[in-house]
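Everything numeric in this text was worked out from a predicted model, so none of it was measured. So you know, we letter chains A, B, ... as the sequences are listed, proteins then strands, and number each from 1.
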Number of protein chains: 2
Amino acid sequence: MTSVKSGSKQDTRIGAKPAVNGAHKAAIRQENEEQILAAAEQVFADYGFKGATTARIAEIANVPKANVHYYFSTKEALYRRIMEDVCDHWLEAAMTFDNSADPAVILRGYIEAKMDLSRARPYGSRLWAHEIIRGAKFSSDYISTTVKNWLDSRVVVIRGWIDEGKMDDIEPYSLMYMIFATTQHYADFGRQIEIFNNDKPLSEEQFAEAKENVVKIILKGVGLN
Amino acid sequence: MTSVKSGSKQDTRIGAKPAVNGAHKAAIRQENEEQILAAAEQVFADYGFKGATTARIAEIANVPKANVHYYFSTKEALYRRIMEDVCDHWLEAAMTFDNSADPAVILRGYIEAKMDLSRARPYGSRLWAHEIIRGAKFSSDYISTTVKNWLDSRVVVIRGWIDEGKMDDIEPYSLMYMIFATTQHYADFGRQIEIFNNDKPLSEEQFAEAKENVVKIILKGVGLN
DNA sequence: ATTTATCTTGACCGTTTGGTCAGGTTAAAA
DNA sequence: TTTTAACCTGACCAAACGGTCAAGATAAAT
């Protein structure tokens, strides 16, 4: 980790100065923000908004607490910023649920995308879980607009499939909730699964098998293929 | 609510005194403990162990904060006590998953029992979610013994069904995780579902339909019936 | 009627919390 | 080289935190 950041001692390395147009300062800012954001995502995911402390975030980010407040005015501002990131990633996965292909292909793709997201960014999933469990105090607007609009449009697509006789007559909301629940479970309850798995995280093979099983049960369960 | 509890003023009601053998004192203790436990379950479910405050618990239980500490020595003792209750209720639902009947009947019964528990005691489910998300710091022993033993024994039962050709060859752990996830989702993410449902909690009819859909998808998904 | 055991609670304590700030360092611009 | 703008942080603060306690109130036992 050859940090761009210089310590409190003067940096005398050759080439440590100019670059172009204040690139050094910009790099410092970017690196510090990233470190703080990553630490905050983890701490908020572990303890929720109320339970998380700025001191712990600073400790994990490896910066003094005052520096956290230099980059993010308040704990709430930091939390909101991370929620935005989480939502952006969720939207990305949502985009894989288009309506341009075979229902089975689309559902498989969406389930796999969500499970991969669960594995790649478990902290984001857990943060979302905290947020909803607590009553969605910061994100009810986002859910009742962006997410709900997306969900409702997918429900229409699914109802279309049902009307065309491509799948069983299943209430689409129930199906979508099931997909949400199952895919996020592998992140949110990852610790529990780990304990059941003899205190070892799921290997890549185990996770791939789990993914395939989830796809298989759901697709067959709604009469696809 | 004709409280047994007398205020700070003297209680001069006829019949307010003896009962039998200190029954009044016992009733006071029971009522206060119940009120505190109910309040604590809610507050811990909302904020997790770290985020919850004894002041908030006292406020909701409608007793002075010092009284909370009179009945439960520490915040942690109170938390552990509630976790025990939650585990007891989980065990009750687990018992419905016996191995004495038809696989479809057993699975249906277990799924319905877990969903009913989700609806009847959403706070317990959310508290469990907090506990696991944070890393099961208080309950990893319980999970790695009681819960794991139960789960492993159910996995054996399911493998038996598969060997007998009664259902598809599905990894039993994947199936059980799916049931855990989906049934608990209706409690843990109840707020999200409520928002999707036009800001109204699911009615009894809606919930019954959801339950039936979950059962239908999973049973068909694993090739039962 | 008196004693004893339990219940009640305002006031308090040491610690942790989110947040501030003055005074310093460093890098870029002039 | 000097100036300026951005970055850094130890020390600090008021509020909130978990927990304690002495003194009083109430109910059961004697």
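Rounded to whole Å, the distance from CZ on B:Arg56 to C1' on D:dG18 is 17 Å. The distance from atom NZ of A:Lys75 to atom P of C:dT17 is 9 Å, rounded to the nearest whole Å. When rounded to the nearest whole Å, the span between CD1 of B:Ile28 and P of C:dA5 equals 18 Å. Taking atom CD on A:Glu59 and atom P on D:dG10, their separation rounds to 14 Å, with Å as the unit. Atom CZ of A:Phe49 is separated from atom P of C:dG18 by 9 Å (rounded to the nearest Å). The interatomic distance linking A:Gln35 (CD) with D:dC7 (P) rounds to 15 Å, in whole Å. As rounded to whole Å, 13 Å separates atom P of D:dC7 from atom CD of A:Glu31. Atoms NE2 (A:His69) and P (D:dC13) sit 17 Å apart, rounded to a whole Å.
One finds a side-chain N or O of A:Arg29 lying less than 4.0 angstrom from the OP1 or OP2 phosphate oxygen of D:dC7. The phosphate of D:dT20 has neither OP1 nor OP2 within less than 4.0 Å of any side-chain N or O from B:Tyr70. For D:dG10, the OP1/OP2 oxygens have no side-chain nitrogen or oxygen of A:Asn67 closer than 4.0 Å. Residue A:Lys50 places none of its side-chain N or O atoms closer than 4.0 Å to OP1 or OP2 of C:dT16.
With C:dT20, C:dG18, D:dG18 as the choices, the nucleotide that has an atom nearest any side-chain atom of B:Thr54 turns out to be D:dG18. In this structure, of D:dT9, C:dC7, C:dT9, it is C:dC7 that holds the atom nearest to the side chain of B:Asn32. Distance from the side chain of A:Thr74 is smallest for C:dG19 among the nucleotides D:dT9, C:dG19, C:dG10.
Not a single donor-acceptor pair under 3.5 Å links the side chain of A:Glu194 to the backbone N or O of A:Arg191. A donor-acceptor distance shorter than 3.5 angstrom exists from the side chain of A:Ser153 to the backbone of A:Trp150, with no hydrogens or angles considered.
In this structure, A:Lys65 and B:Glu76 both approach DNA chain D, and ranking their closest nucleotides by distance from the 5' end singles out A:Lys65.
Between B:Arg81 and B:Glu84 there is no salt bridge, since no side-chain nitrogen of the basic residue lies less than 4.0 Å from a carboxylate oxygen of the acidic one.
Backbone-only engagement by A:Ala52 is indicated by non-hydrogen atom pairs under 4.0 Å involving sugar-phosphate atoms exclusively. If you check every strand for non-hydrogen atoms under 4.0 Å, A:Tyr71 touches sugar and phosphate atoms only.
Ring to ring, B:His185 and A:His185 are not that close: their centroids are 6.0 angstrom or more apart.
Under the 4.5 Å side-chain criterion, counting only non-hydrogen atoms from C-beta, A:Arg154 is in contact with A:Val157.
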